[in-house]
Each structure stands twice: as structure tokens, then as C-alpha cells.
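Remember, predicted model here, so these are calculated numbers, not experimental data. Below, chain A is the first sequence line, B the second, and so on; all start at residue 1.
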There are 2 protein chains.
Amino acid sequence: MKPTDILQVHELKKTNSRLALIKALQESTFPQSENEMKSRMSDQYDRITFYRNVQALEDAGVIHRIVVDSHTVKYALNCCETEKKHQHIHKHVHFNCKSCGKTFCLENTDIQQYRLPAGFQTEECEVMIKGYCKFCSQK
Amino acid sequence: MKPTDILQVHELKKTNSRLALIKALQESTFPQSENEMKSRMSDQYDRITFYRNVQALEDAGVIHRIVVDSHTVKYALNCCETEKKHQHIHKHVHFNCKSCGKTFCLENTDIQQYRLPAGFQTEECEVMIKGYCKFCSQK
DNA sequence: GTTTTAAATGAAACATTGTTTCAATAAAAA
DNA sequence: TTTTTATTGAAACAATGTTTCATTTAAAAC
């Protein structure tokens, strides 16, 4: 789906910054950090606008935010680009490689339901696994 | 276990900052943010020393770090204060309340084993659940 | 109990990440 | 083409975390 169509579907204005941001993620094989996206967006990158747009796109359901650790946030396109916020039912596990640092959306590894103690209500659940990825583990 | 004995077991020097840090956590019912601990530690708190000591105590296996979101880190004592690093086998789920903001170590809710795609090796797994806690959900 | 030694502390300065306000600009509707 | 409203980018700020280095302190040696 073209960046401009994604924005159309989500009723967001088609600005150059947003188009560049989506394009940067579409061209990436893995979830990207702000710094990685900055390189890909070149002159379309402005720090302040970036923060506002990742927020807007996350709220709209276009992208999701992956907190790798307290210093590292990465961004990835949602699997179904047209879904609105809170329609992102298919929640997957995230993986971060301790060797190469790459982050993976393990689309086929669903998050399991946790039975919590009485009185606790689940609204969201994030699973962050760290270890060695398929490219690094064989070494 | 007394703070001084905890440090003894882990072969760490008994400094006032460390004793105050451990005491602050022992007096807390819930995992605490740096700011909350700062209040409890009063004049024993120094920002730089605090960062160095949470690192040292985490490495030693005295405390663990909970990344609630990219802006919020909380700290809690490990359940078995005497365990060394990487002996923390009993990994539990963390819960954050969207209403009161409190964080809970759900000691009885174990993290499940995830079957990852071929080639992916798990070393650590963090589960962060957000929703409404037992104190807030009834409202 | 005193001296020695190695680790821990705290000040200063810096780095990174993220936010707020506000005037200028650009997208989309009229 | 004009009008309206959201978006942008500059400036300034705020929070979180790190590095270097001289000083201090804990614990070991004497």
C-alpha cells in the first residue's frame, strides 16, 4: 500500500514528513530506531515533527512502538496497514538480538493470555524477548 | 534480611548510599521509581551515585529493573535476596495500573515459554501487562 | 588502632530523548 | 482562488542518564 493511501485511509493529512516517515519504514526489513529513520528520511527529518508524527501515526494505528529497553525505542508498520487503533488484535512477540542489535516482530508468535490474580484486568500486554537471532545464533 | 547482610552476601561494600537504597525498597510495598526512592532516601540520595548503585545492585542480583514504558523505570528487590545474578530463575510478570500508576510484581504469575521460529534463542523474557489493578478495577 | 589500598562518591560538564509555546506554512475544504 | 484548520519548525526547556576526575571511605594489611 502506498504511503499516501495509508494516510488517506486513516484520515490523516498527507504531509511530506509523514509520507517520508512511512516510506522509511516500508523500505526497512526490521523495526527502526529514530536514528536509523533519520538517515533514511534525510532532509525530510525534523526531530520535533518526527515525535509528533510517530505519536499521530501510532494513535491512528499505522505504526507501533517497540520499547526495546529504557534507552531504545523502535518503530514498525502495523501488519494490516488499514486497521484503526485498538483494532490491532493480532498482538505478536518482539525479539531483540543481543549480538547484532536487530529487533524482530515475530508475527507468528502470538502473545499468550495470562491469568492474573483476582481483580487485575488486562488491557495491553507487551512481550520482549532477548537472545540471539537466526542470523547470529549459529555462530 | 537486613540491608547490611544483603550487601555482605553479595560481596559488595557497605556504603551509606547502598544501605539507604536497599532500605528504601524494603520499606516500599510496590516497585519504586527513582523519584519515589529519592524522597525515601532524603539526604542519602545523589543522582549519579544512585545510577551507579542501581546498576551494581542489579548486576549483583539484589534488585531488578522494570521498564514500565520508555519514560518510566522502576526498581524492586529480588524475591530471594541472596541469589546471585542469572540465578533469578523465577521470572514473573509485571503489571502497571493505568489508573493509579502503581506497578506490581505478580510473583505468582510465571512467564510462559514462547516457541520461537527456527534459529531464535531466548536468553531473557520480559512481560509487561497494563490495565487496572485490584484496587482500581472495582470502580 | 593505624596505615594502606582499592573501590565508591560527588561535582562538573556533557549527551540523549522528549515536550511546550508560538509564529509561519501548507493541506484540504469552501 | 480564497478560507480555514492542522501541521511544521524554531527556540527554549525538562527529564534521564553518562563520563571524567579529584576526594573520600570501606575494608584489608600491618
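In this structure, CD of E11(A) is placed 12 Å from P of dA28(C), rounded to the nearest angstrom. The NZ-P distance, from K38(A) to dG18(C), rounds to 13 Å in whole Å. At whole-Å resolution of the value, CD in Q8(A) and C1' in dA28(C) are 11 Å apart. Taking atom CG on L19(B) and atom C1' on dT25(D), their separation rounds to 13 Å, with Å as the unit. Spacing between atom NE2 of H10(A) and atom P of dA28(C) amounts to 15 Å, rounded to whole angstrom units.
Separation of the Y75(A) and F50(A) ring centroids falls under the 6.0 Å cut-off. Taking the six-membered ring for Trp and the full ring otherwise, Y132(A) and F120(B) have centroids separated by 6.0 Å or more.
Legend: residues meeting side-chain contact (heavy atoms from CB on, under 4.5 Å) with A76(A), ordered by chain and number and at least two apart, are P31(A), H64(A), I66(A), C105(A). The salt bridge (Lys or Arg N to Asp or Glu O under 4.0 Å) search around R52(B) returns none, not counting sequence neighbours. By the side-chain contact (heavy atoms from CB on, under 4.5 Å) test, Q113(B) is found to be paired with no residue, residues two or more places apart in sequence or in another chain being considered.
The shortest non-hydrogen separation linking K13(B) to L7(B) is O-CD1, 3.9 Å.
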Per-nucleotide protein contact string for nucleotides 7-18 of chain D, where B marks a base within reach and S marks sugar-phosphate only (heavy atoms under 4.0 Å, - for neither): SBBBB----BBB
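Axis angle across the helix from dG1(C)-dC30(D) to dA30(C)-dT1(D), with five pairs used at each end and values rounded to 10°: 30°.
For the residue pair S33(B) / K74(B), no side-chain donor-acceptor distance below 3.5 Å is found, with atom types taken as modelled.
With side-chain heavy atoms closer than 4.5 Å counting as contact, directly or through intermediates, I48(B) stands alone and belongs to no larger hydrophobic cluster.
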